[in-house]
Undergrad: 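Sending over a structure as structure tokens; questions will come in a sec.
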Amino acid sequence: MQIPDALWLAGQARSSASGGWLELIDPSTEEVWHRVPAAGTAEVDEAAALADETFRNGVWSAASPYQRATVLFRLAALLREHSEDLARMEARNVGKPIADARDEVLGAAKAFEYYAGGISRFGGETIPVSGGGFDFTLRVPIGVVAAIVPWNFPCPMAAWKCAPALATGNSVILKPASLTPLTALALGPLAEEAGLPAGVLQILAGRGSAIGDYLVQHPLVRKIAFTGETATGARILSLAAADIKRVSLELGGKSPNVIFADADVETAAARAPLAVFGNTGQDCCARSRVIVEASVYDRFLDAFVAATEALVLGEPLDEATQVGPLVSAGQRATSEDYLALARSECGRVVCGGERLRRKGWFLTPAIVDGLPSDSRVAQEEIFGPVACVLPFGTEDEAVALANGVRYGLSGSLWTRDLDRALRLSRRLECGVLSVNTNSSVHLEAPFGGLKQSGMGRDLGMEALRLYTEVRNIYVASA
Ligand code: NAP
């Protein structure tokens, strides 16, 4: 498969655009290796008009669930067929380990398969209204959906939005992050080959600073499905309010990893590194607040540090690599600034925080202890390889530490006490909590955050609700 070098508009590649160009830099070499056109407002207008037209003419929105499913299953098959090329492209573009990139591309294919299969089982209900007659609801597509996605998991994020939005009959404008547009752009030609009618899916690489507000406020866009930073989400929400647009937001996190003394502490410590340093810490679900019962604190910390130091840092395309470089110079500088702040707040950097003696935005995974829970390093989403460890004495203290941030996305709880696990499942403020493991994402289950981590749920059948409106119909009977 050729590396995409064009936008996708009206079912065709568009090799130049009014917003100039996006230069893509390989995070492991710091060199420009590719470029793609950047959409400007002219392309947003064009995409919105086409998406609206295709939505209204019913070529996709009125197609039967079976017809839509057939196309989406074909698209999934094409993603599988080209998965190695897509994974290599993604690994190079984001700097992520090739093994992770492969999983993510296959995960994207599975998302299309899941919603292709799910759409025929998603419908309204009949309601026994008083006064007789027949009342039922319909689930109908919303219209033009703007799907705006971040750079950390470009391929799965695009699929998590596009698959349910398309399955339910919407038209979609997909806007990937400027740093990582490639796998999203690759979807265009594959969707066409799969039989998606032209104009149903437009893919606009382009700078959020130049076209973000314009896209969100565009009068033909009826729904915004966003994943990214909390600050950007808040801005989108306020801009969308003027037209009462539908908005779903998957935002930032500062997720807790809570380890009780009665847990399998060794397993918790062995798995803690990838729960926070996977994807080089650039993961909304990163368990970056590690909260450990005081009686096992030292034992846990020693094992956590040893397992972290054993992680293999290196070339994204090397099969053995577990942690690659950060995505950009800016992202590494942010992590380094937080480590300097940690030191100035009397934190102890127990390991990591060092650059490698080579090109590339590498930084060894860092563990900090000794910080107060309300310090900036322990409170703010760093989005890099920095974890802080905090001790607790009682269960109530553990809950207060875990909940004491503005976010509420993921979390882990390690305990062998079933009563405690069930009790804390309700008390911990996490949209997705895992017990005695660190997995947050299951394609079939809803995923999303509480508090400032977002609103709405991706994945599972729940996501189909995000892309449909409920209409109620009442039929009188004599
Ligand atoms: P970001 O800066 O908010 O950008 C996300 C997307 O929004 C990009 O496509 C960006 O375009 C675009 N954008 C920027 N300004 C915009 C505006 N005014 N209007 C509309 N779109 C705009 O986030 P990021 O740095 O790419 O991603 C990291 C963040 O995503 C972290 O906070 C992370 O926690 C969060 N995240 C959350 C989840 C979840 O499921 N909860 C999953 C993954 C990531 P440009 O790239 O051109 O700026």
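We count ligands from 1, going down the list as the structure has it; atoms in each ligand are counted the same way.
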Undergrad: Give the atom numbers and elements of ligand 1 that come within less than 4.0 Å of a heavy atom of W151.
TA: 24 (P), 25 (O), 26 (O), 27 (O)
Undergrad: Going by the order shown, which atoms of ligand 1 are within less than 4.0 Å of some heavy atom of D213?
TA: 17 (C), 18 (N), 19 (N)
Undergrad: Does an N or O anywhere in W160 fall below 3.5 Å from an N or O of ligand 1?
TA: no
Undergrad: Could you list which atoms of ligand 1 come closer than 4.0 Å to a heavy atom of L409?
TA: 41 (N)
Undergrad: Can you list the residues that meet the ring pair (Phe, Tyr, Trp, His ring centres under 6.0 Å) rule with W160, with sequence neighbours excluded?
TA: F447
Undergrad: Select one of side chain, backbone, both or neither to describe which atoms of E381 lie under 4.0 Å from any atom of ligand 1, heavy atoms only.
TA: side chain
Undergrad: Of G252, S209, G449, G228, which has the heavy atom at the shortest distance from atom 35 (C) of ligand 1?
TA: G228
Undergrad: From atom 19 (N) of ligand 1, work out which of A210, G212, C284 has a heavy atom at the shortest distance.
TA: G212
Undergrad: Protein heavy atom under 4.0 angstrom of atom 32 (O) of ligand 1, is there one?
TA: yes
Undergrad: From the options T232, I148, I236, T227, select the one whose nearest heavy atom is closest to atom 5 (C) of ligand 1.
TA: T227
Undergrad: Is the closest basic N to carboxylate O distance between K161 and D458 below 4.0 Å?
TA: yes
Undergrad: State plainly whether the residues R102 and E319 are in salt-bridge range, i.e. N to O under 4.0 Å.
TA: yes
Undergrad: Quick test: of every protein heavy atom, which one is nearest to atom 6 (C) of ligand 1, and how far off is it to 0.1 Å?
TA: V149 O, 3.5 Å
Undergrad: Is any N or O atom of F383, backbone or side chain, closer than 3.5 Å to an N or O atom of ligand 1?
TA: no
Undergrad: What is the closest protein heavy atom to atom 23 (O) of ligand 1, and at what distance does it sit?
TA: E229 N, 3.4 Å
Undergrad: Check each atom of ligand 1 against the heavy atoms of G206 and keep those under 4.0 Å away; list them by number with element.
TA: 47 (O)
Undergrad: Which residue is it: T41, D243, D45? I am looking for the one with a side chain to side chain donor-acceptor pair (under 3.5 Å) to H218.
TA: D45
Undergrad: Run the salt bridge (charged side-chain N to carboxylate O under 4.0 Å, His left out) test against E113 and tell me which residues pass, sequence neighbours left out.
TA: R80
Undergrad: If I compare all heavy atoms of P385 with all of L363, which pair ends up nearest, and what's the gap?
TA: CG-O, 3.9 Å
Undergrad: Using the six-membered ring of Y407, assess whether NZ or CZ of K451 lies under 6.0 Å from its centre and within 45 degrees of the ring axis.
TA: no
Undergrad: Taking everything shown except R56 itself, do over 12 heavy atoms lie less than 6.0 Å from its CZ?
TA: no
Undergrad: Under 4.0 Å between a Lys/Arg side-chain N and an Asp/Glu carboxylate O for R235 and E229?
TA: no
Undergrad: More than 12 non-hydrogen atoms from neighbouring residues, nucleotides or ligands closer than 6.0 Å to CD on E444, yes or no?
TA: yes
Undergrad: Just to check, does F153 reach to within less than 4.0 Å of ligand 1 when the distance is taken from its heavy atoms?
TA: no
Undergrad: May I ask you to check whether R207 has an N/O atom sitting below 3.5 Å from an N/O atom of ligand 1?
TA: no
Undergrad: Taking N or O atoms only and a 3.5 Å limit, does N152 qualify as a polar contact for ligand 1?
TA: no
Undergrad: What is the nearest protein non-hydrogen atom to atom 47 (O) of ligand 1, stated with its residue, atom name and distance?
TA: S178 OG, 2.4 Å
Undergrad: Before accepting this row, confirm whether a basic side-chain N of the pair D52/R222 lies closer than 4.0 Å to the acidic partner's carboxylate O.
TA: no
Undergrad: Which ligand 1 atoms, with their elements, are less than 4.0 angstrom from a heavy-atom of P176?
TA: 9 (O)
Undergrad: Within the structure, does T230 bring an N/O atom to less than 3.5 angstrom of an N/O atom in ligand 1?
TA: no
Undergrad: For atom 48 (O) of ligand 1, what is the nearest protein heavy atom, given as residue, atom name and distance?
TA: G208 N, 3.8 Å
Undergrad: Closer than 3.5 angstrom, by distance alone: can the side chain of K254 be matched with the main-chain N or O of E380 as a donor-acceptor pair?
TA: yes
Undergrad: Looking only at atom types and distance, does a side-chain atom of D369 sit under 3.5 Å from a main-chain N or O of G347, one as donor and one as acceptor?
TA: no
Undergrad: Of the protein's non-hydrogen atoms, which lies at the shortest distance from atom 27 (O) of ligand 1, and what is that distance?
TA: P150 CB, 3.2 Å
